[in-house]
Each structure stands twice: as structure tokens, then as C-alpha cells.
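Below, chains carry the letters A, B, ... as their sequence lines are ordered, and counting in each starts from 1.
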Amino acid sequence: MNFRELSILRADLAFIAHWVRDGAHVLDLGCGDGAMLEYLLTTKNCTGYGIEIADDEVLACTGRGVSVIQQDMENGLGLFSDNTFDAVLCLSSLQMMKNVEELLRDIARVGREAIVSFPNFAFWPHRLALLSGRMPVSKSLPYEWYDTPNLRCATIRDFMDLANDVGLEVTECVALQNGKPVSFLPNWRGSLAVFRLKK
Amino acid sequence: MSSVGAVSPQSKPFDQPLHLQSGAVIGGYTLMYETYGTLNADKSNAVLVCHALNASHHVAGIDEDGNVGWWDNMIGPGKPVDTNRFFVIGVNNLGSCFGSTGPMHINPATGKPYGPDFPVVTVEDWVNAQARLADELGIVQFAAVMGGSLGGMQALAWSMLYPDRLRHCVVIASTSRLSAQNIAFNDVARQAILADPDFHGGDYYSHSVVPKSGLRVARMIGHITYLSNDDMSEKFGRELRSGEYQFGFGIEFEIESYLRHQGEKFSSYFDANTYLLITRALDYFDPAAPYGGDLKKALAGTKAQFLLASFTTDWRFAPECSRAMVKALVSNKRHVTYAEIDAPHGHDAFLLDDKRYHDLIRSYYDRMWREIGNRGQA
């Protein structure tokens, strides 16, 4: 997979990929179909693993030749020892976890650097929905309140606090809209929050 | 999907003595094997399938007696391990009772069957013997060595003993070492055989009897560990054959009937000395032991890429066993894919048809096939 293909498939992943240095040993938590890892492996000479719980996604990863380990992330990252990875990616999956804080601490333990993304709850259409008395339903939060897999709702500012609490330093924070960074009023205008963190 | 069809075994005699882990030496021996598919020109498409406790070289297709191979649902044309692409070898291990040299064969030193004198063989010994067969077939490097349960242990041992001779190592429903509970079950099975009056210290061949009752019980206890409690409950529950209690000790519950049938069938074809030997090989397998129990160190020299799979209801070699191997492999930064398949059938699931399981193996072998294509172009 090349950058163009990744950009078309997932613009947000394409943006994030440039934060991962060539040859890095990477752990991708909730790696889905393995598109990101395949790109990092084939184009940036990275190594590493994906963690995924869903059978069909594990199968998709295997088809791509991505090393995937089927596991429930709620059980932690006990498979990996401290500082194993140059970068730990947790893209659009942290908000589905029950134990967000514990997982974030584990991410900090196994990785030298972390890249975390999640839907920004403070995106203006979400604020508008709440003002009109409804839970937000949008392209980035495409679920009703009763069927959403997103257990945690956070804004860019909220996550900064937690990152600091678990001892991670925010080195970059970007809000993406349709895969492109938003510089003016990011906590209003970006639907996806992306953090680059280091210990 | 079709089968590989009619197959016939081949045998390969070896004159060069094989030095065993125990220090004993087997002077000469024969290995029975079957092959399916065609070895390609650069011999890059060979897959070795290692068998578990009671299986044999007859992995796929239908033999002269009409028996279907033990992994026929996995291996064949268009099947997950596609014999239109891969050259698959099934080999019967030393000490087994399906044609390769075993305790029922004549010991050249005495002119009588080996019986109890057949040396205790280990997983590593089997792998060394398999490597010689590979030499004979001209296979320098396997595309994959694969197996389930005890067969998975052999695949794992291959990755450590002959790291350059396999590109992929497929280990299903297996473990890097037995637990105390596993060994305990094995010993109960062995005691049943050893205590059978027809066992005659392992020399029952000369008495023209078979320790059938011992073998029956051994198989019954083994079989219990292959099934999950859920599966057994669903299949048999507390069903009574006659619908009411007989207030005796005959076969009343359906599960009793099933297990005795399995035991009876098994005792009619399996050799008691082989059962002892193979369960001991299971007990002894512990490649981390020479490294102070550190599996990471034991696997440090491996070069293969790994596929591991376990089944959620397998309590014989539970998912934890596979996760321990995965942990050791990722510590060594090896390529490893691991699937935990939610199947109800317990340990036996590795032999059964399950879409998620077979799709996974198929997808992995598809990828292997693409690699072989790329090698060809390189």
C-alpha cells in the first residue's frame, strides 16, 4: 500500500502516518483491517503488531500479511514488556474502552511514543446537537446513544488533562476534519482529535 | 470442495543410526509418509504436517482401506492448505503404530519385537527424523511446518532446531509445555495400560494378546480432555439410554456409551506401547527448560514467521498456553499472528470444520502462496 492509496482509504491515517519514523517498531491497538500497519510495513520499513478483537478484522490483517494478535485490549498489554515499541498507535479506539486510564498507562509503559486519536465531542455540530437537546449523531459519531460502541466521550481539552495525569507529555495536538488539520478553533472545528505523546 | 482422492503411503528406510535425546541410538528405521500435490521446480512449496497423539501419515485423501485422512477438511485441492499450490507431506513418527518403526517391529538386536525395549523418543527426536526425510526428498526449506496439539509442538521444535529450514511455523491448539494437570491425565492413562494383566510388561506381542481394557480406559480419559464441558453437555447431557435408572453399573448414561464406544474403537487399532511412548513425549516437551524456563531465550534463534491459533473452550491446551508462546515470540520481535477462535468444541476443535478457523488458515496460506510467487520472480 502506498501513501496515495492510504490517503484515499483513510485520510486521517495518512495524516498520522507521517508522525511514525521509518523503521520504527510499532504497536497498533485496535488496528482494524490492518491498512495503517500494512502501509507502515511496506512503505516505511516498520515492524510490529496489530491488536484486534474482531474475527473479521483479524482475517483482513492476515490477508494483508500484517502480524495481528487477537486480544481484548481491556485485558491490558501484558504480552509486551516495557519500552518495547518506538510508537504505540491507538487510533479511534480508546473511546471504546472501559479502562481508558489503565490502558493509557499501559501504552506509556510499552511505548516510547504514543499516537492517540478519538472523536472530538466538542466538534461544533455536536455542541449544536446538545444545545438543541439531542445527543450528537454525525459522520464521526455515527451512532445513536443506545447502540454506540463509544463508551467515553471526550474533548481535546479533556484528554490533555488525562495525558498529563498518566505522565505523558503532549508533543503535538491536532484536530482533523476530513483528514485535514484544522488550525483555527480546532476544538470547535475538528471532528477527530489526534495527539502525539511522549514519556 | 474435492479431496485429494485415493492415496497410498510410501516408506523410506534409513540406515544411518539416529541418536536420541535419551542417549539411546536407533540403528536403522523406516518412516511411512504420504504426499499430496506437486513439488515445484525450486522446491519452495513444501509443507510438512506433523501429527498428534493417535494420528498418522495419512493426513488427507482416502487410503486403500477407505479411511479418510485425519486432516482431510484442512488439506486438499481448494482447501485451506491447497494441494493445487502446495506439496504437502504427512509423516508417521518413530514409535507410532502406523508403519514407521515402532515397538511392534522386530528389534534387529534380539530378533524379537522391541516391545518395552523400544527407546523413549522425544518431540525433538521426531523432528530430527523428519529432517532426514526432508533431506531424502530434497527439501532444504519448507514453506511451512504445521501441526495441532502435539503436532504443533513438533512445528515449534522445528523452528528452534532447524531455524533455516522453514519459512513459516503454524502451531495450533498447542503448548510449549504440559501443565501438571496434563501430565496427571497422561499418567492415569498410562497406569490403566500398565495395570492391564494383558500388558505383560509391554511384551504382549509374544503372548498374542492386547491390553485392550487398559487402552480403552486410556482413550476414555484422553477423550474427556479433548472435549469441552459445554460440548459434552449439549451432545449428551444426562441422557439415559433406556430413559430410566437401572440401579446398576452398566452403561446407563449416553456419555458412558459414547466414551466406551470410543475406547473400544481405539483399542482395536492402537498399540499400547505406542500410547505410553507418545504420552511420555508429550510430558517431556519443554524447550524452555534448558534456558532456565525462559521461553524467550529458547525462541531467540528462530527465524520463521509464526501463526498460532487457540480455541476458547480448549481446556487441555488453553489459550493461555498459546499466549505464553506469543509473548515469547513478540519479545524476540518475531513475525507472529495469533487468533483466539471462539469455538465450542474444546481441544478437538483443531480437527473440526469451523469457518473462522479455516478462513484464517486459508488466508495465511494464500499469503504464503503470494510470497512463493514473488520468490519465483525475484
Side-chain angles (χ1 to χ4, degrees), chain A residues 1 23-35 37-38 40-42 45-89 106-107 109-112, chain B residues 80 144 167-172 294-297 299 302 304-312 319-343 354-375:
Chain A
M1 177 171 304
H25 194 47
V26 178
L27 180 66
D28 187 352
L29 300 173
C31 65
D33 65 5
L37 267 177
E38 189 193 3
L40 294 175
L41 264 54
T42 54
N45 293 315
C46 292
T47 56
Y49 311 97
I51 299 281
E52 182 51 59
I53 190 170
D55 291 332
D56 53 338
E57 305 281 36
V58 168
L59 192 62
C61 289
T62 308
R64 288 179 188 274
V66 163
S67 290
V68 62
I69 294 165
Q70 189 166 28
Q71 194 212 300
D72 186 348
M73 287 192 301
E74 298 285 9
N75 298 331
L77 305 179
L79 280 177
F80 308 103
S81 31
D82 299 358
N83 302 311
T84 300
F85 298 97
D86 299 311
V88 179
L89 313 183
D106 233 7
I107 289 172
R109 179 183 65 79
V110 302
R112 276 181 270 279
Chain B
R167 293 194 297 281
H168 292 270
C169 180
V170 181
V171 180
I172 302 162
D294 188 341
L295 190 59
K296 179 188 170 185
K297 283 187 188 148
L299 291 165
T302 60
Q305 303 194 24
F306 289 80
L307 171 64
L308 282 85
S310 69
F311 300 94
T312 49
E320 295 93 278
C321 303
S322 288
R323 280 200 292 265
M325 291 186 275
V326 171
K327 186 173 181 173
L329 288 166
V330 298
S331 316
N332 282 303
K333 297 193 175 181
R334 291 292 167 278
H335 283 272
V336 48
T337 286
Y338 170 58
E340 213 162 279
I341 294 149
D342 186 14
D354 179 288
K355 193 174 168 351
R356 284 160 300 180
Y357 167 41
H358 280 188
D359 282 352
L360 176 83
I361 303 291
R362 180 186 297 279
S363 164
Y364 198 83
Y365 274 82
D366 279 351
R367 172 190 150 196
M368 232 187 264
W369 180 243
R370 290 198 300 274
E371 288 170 4
I372 290 171
N374 292 340
R375 278 165 58 95

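Atom NZ of B/K355 is separated from atom CG of A/D55 by 10.5 Å, given to the nearest 0.5 angstrom. Here the OG-CZ distance, from A/S67 to B/R334, works out to 11.5 Å after rounding to the nearest 0.5 Å. Taking OH from A/Y49 and NE2 from B/H335, the interatomic distance works out to 7.5 Å, rounded to the nearest 0.5 Å. Atoms CZ and CD1, from B/R323 and A/I69 in turn, are 11.5 Å apart once rounded to the nearest 0.5 Å.
With chain B as the partner, the residue from A/T84, A/L79, A/V66 showing the most heavy-atom pairs under 4.5 Å is A/L79. Of the listed residues (B/I341, B/D342, B/D359), the one with the most heavy-atom contacts under 4.5 Å to chain A is B/D359. Options B/V330, B/V326, B/L307, B/L308 differ in how many heavy-atom pairs under 4.5 Å they form with chain A, and the most are formed by B/V330.
In this structure, A/G63 and B/S363 approach most closely via the heavy-atom pair N-OG, 3.1 Å. Taking every heavy atom of both residues into account, B/E340 and A/Q70 meet most closely at N-OE1, 2.8 Å.
There is no contact between A/T47 and chain B, counting heavy-atom distances below 4.5 Å. Only the backbone of B/L329 comes within less than 4.5 Å of a heavy atom in chain A; its side chain stays farther off.
Side-chain N or O atoms of B/K327 include one that pairs as donor or acceptor with a backbone N or O of A/G78 at under 3.5 Å.
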